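Notes for the one structure printed next.
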Amino acid sequence: GRKKPKQQLFILITAFQKEWRKEYEGQNEKVEKWSIGSFLARRRMIRMNRKIVQIMIHSGKVLFSPLPQLHITNALIDQGVRELSEIKTLEYENGEDIYQIYNDIIDENPLIVAFSCYLWNFKIAEQICNSLKRNYGDKIICVMGGPHASENPLFFIQRHYQSFDFIVAWYSESVFPKLVKAIDEAKGDISEVKDCLSTQRIRVVYFRNVGKGYIDNSKPEDEDEKEQ
């Protein structure tokens with residue numbers, strides 16, 4: 001027969017708890033059960049806004065000045081793209097609880113999350129961004145930069161497009177503000193952002209444009225790698 005409202009609510013709560021446990025099982029022993037209330041509360045936090053969160057996970061226990069993030073912050077402010085209050089840099093030592101990093105990002109209510117990726121932190125960044133995209137979709141835009149991606153950015157976007165919306169290669173002080181401007185002008189519509197970037201052929205920005213393949217703006221348009 002038809003389920004009563006209380007039965008339906010119980011089934012919904014159980015489904016959400018299972019989903020959250022599935023998300024974090026195997027990544028950390030301190031997995032916390034999530035209630036339907038906390039899950040929905042966090043979903044409501046994500047709204048169209050202007051905040052950029054930059055993540056730096058260091059190679060060891062010692063935290064040093066995050067120079068890439070400082071340069072990006074200065075570029076965004078100098079070009080009038082963001083105010084200081086709209087930019088947040090989060091720093092972590094190597095081995096930090098991935099669950100804690102994820103929660104810290106959500107607590108900031110970001111529009112854009114940008115990871116500076118190196119050999120020692122790429123896998124963590126990929127896992128976190130994959131979870132952000134699966135749980136929040138296009139409400140959070142994930143960007144990957146740093147030396148690890150810069151050696152072969154097309155390779156990384158082909159294999160990790162479900163985790164990262166954009167990869168910005170090499171020195172991005174002049175490029176990242178252009179990407180942020182395009183996101184603002186498109187009001188967060190990623191499809192529009194990608195069309196804009198494809199038209200303008202902004203260099204060293206890589207992404208997957210559905211139906212158009214993997215876009216490498218450092219080459220002529222006819223050399224973009226099409227999806228098989």
Side-chain angles (χ1 to χ4, degrees), residues 16-17 19-35 38-47 49-73 76 82 84-150 156-157 159-168 172 176 179-180 183:
F16 275 116
Q17 288 177 334
E19 181 64 26
W20 276 104
R21 286 192 62 79
K22 180 181 178 183
E23 179 71 29
Y24 292 102
E25 277 180 344
Q27 296 184 17
N28 195 287
E29 294 178 357
K30 301 176 182 178
V31 177
E32 179 181 331
K33 286 187 177 180
W34 284 74
S35 67
S38 63
F39 179 86
L40 294 178
R42 284 176 177 271
R43 296 264 324 176
R44 285 194 294 269
M45 285 176 62
I46 305 301
R47 295 290 184 269
N49 59 72
R50 290 170 52 85
K51 191 153 194 181
I52 298 172
V53 174
Q54 301 182 101
I55 313 296
M56 181 63 184
I57 301 174
H58 296 279
S59 59
K61 301 294 183 181
V62 178
L63 305 187
F64 53 85
S65 298
L67 293 178
Q69 287 74 24
L70 292 174
H71 286 308
I72 292 294
T73 298
L76 290 167
R82 287 292 187 275
L84 183 59
S85 61
E86 297 172 315
I87 307 168
K88 180 76 172 184
T89 298
L90 300 176
E91 293 182 79
Y92 301 93
E93 64 183 34
N94 195 7
E96 180 65 67
D97 184 359
I98 189 173
Y99 181 77
Q100 183 62 54
I101 300 173
Y102 181 92
N103 281 323
D104 289 347
I105 292 171
I106 297 303
D107 287 343
E108 293 295 333
N109 189 22
L111 168 63
I112 301 169
V113 174
F115 273 89
S116 184
C117 291
Y118 299 81
L119 182 63
W120 61 82
N121 65 18
F122 167 73
K123 189 58 180 178
I124 297 173
E126 194 275 331
Q127 290 176 349
I128 292 173
C129 287
N130 188 270
S131 294
L132 290 172
K133 297 307 296 182
R134 286 195 287 119
N135 290 325
Y136 297 99
D138 290 349
K139 292 180 180 178
I140 294 180
I141 297 172
C142 295
V143 182
M144 175 184 179
H148 195 59
S150 297
F156 281 99
I157 200 62
R159 284 155 182 77
H160 302 290
Y161 65 85
Q162 292 179 319
S163 301
F164 302 103
D165 297 296
F166 302 97
I167 290 179
V168 180
S172 57
F176 189 70
L179 173 59
V180 175
I183 292 170

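Since the structure is predicted, the reported quantities are computational estimates derived from the model, not experimental observations.
- Under the 3.5 Å distance criterion, with hydrogens and angles disregarded, a donor-acceptor pair is assigned to the side chains of E126 and S163.
- With hydrogens and angles disregarded, a donor-acceptor distance shorter than 3.5 Å links the side chain of R82 to the backbone of R50.
- A 4.5 Å side-chain heavy-atom check between Y102 and L132 finds at least one atom pair inside the cut-off.
- Within 6.0 Å of NZ on K51 lie more than 12 heavy atoms contributed by other residues, nucleotides or ligands.
- We find the OG-CD1 distance between S131 and I140 to be 11.0 Å, quoted to the nearest 0.5 Å.
- A distance of 14.0 Å separates CE in M144 from CD1 in I55, rounded to the nearest 0.5 Å.
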Legend entry - Test side-chain contact (heavy atoms from CB on, under 4.5 Å) applied to I101 and I128, step by step: CA-CA 8 Å; I101 300 173; I128 292 173; 3.5 Å; yes

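- To the nearest 0.5 Å, atom SG of residue C129 and atom CZ of residue F164 are 4.5 Å apart.
- The ring of F122 has its center closer than 6.0 angstrom to the ring center of H148.
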Legend entry - Worked check of side-chain contact (heavy atoms from CB on, under 4.5 Å) between I124 and I57: CA-CA 9 Å; I124 297 173; I57 301 174; 3.8 Å; yes

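- From T73, atom OG1 reaches atom NZ of K88 across 11.5 Å, with rounding to the nearest 0.5 Å.
- When only modelled atom types and interatomic distance are considered, S116 and Q54 share no side-chain donor-acceptor pair under 3.5 Å.
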Inset, instruction - Assess whether side-chain contact (heavy atoms from CB on, under 4.5 Å) is satisfied between I52 and L111, documenting all intermediate values. - result: CA-CA 6 Å; I52 298 172; L111 168 63; over 6 Å; no

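- Looking at N121, its side chain does come within 3.5 Å of a backbone N or O of Y118 through a donor-acceptor pair.
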Inset, instruction - Please step through side-chain contact (heavy atoms from CB on, under 4.5 Å) for the pair V53 and F115, ending with a clear verdict. - result: CA-CA 9 Å; V53 174; F115 273 89; over 6 Å; no

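- I183 places a side-chain heavy atom less than 4.5 Å from the side chain of I112.
- Interatomic distance, NE2 of H58 versus CD of E93, reported as 9.5 Å (0.5 Å rounding).
- Put simply, the side chain of I72 does not reach to within 4.5 Å of the side chain of I87, judged on heavy atoms.
- Between P68 and L70 there is no side-chain heavy-atom pair separated by less than 4.5 Å.
- With contacts defined as side-chain heavy-atom distances shorter than 4.5 Å, the pair F166/L179 qualifies.
- Summarising the geometry of I141 relative to D165, their closest heavy-atom pair is CA-OD2, 3.3 Å, with the distance given to 0.1 Å.
- With values rounded to the nearest 0.5 angstrom, L84 atom CG is found 10.5 Å from L76 atom CG.
- Under the side chain to side chain donor-acceptor pair (under 3.5 Å) rule, N130 has a single partner from R134, K133, Q127, which is R134.
- Not one N or O on the side chain of S172 forms a donor-acceptor pair closer than 3.5 Å with the backbone of V168.
- A side-chain donor from one of Y92 and D104 sits under 3.5 Å from a side-chain acceptor of the other.
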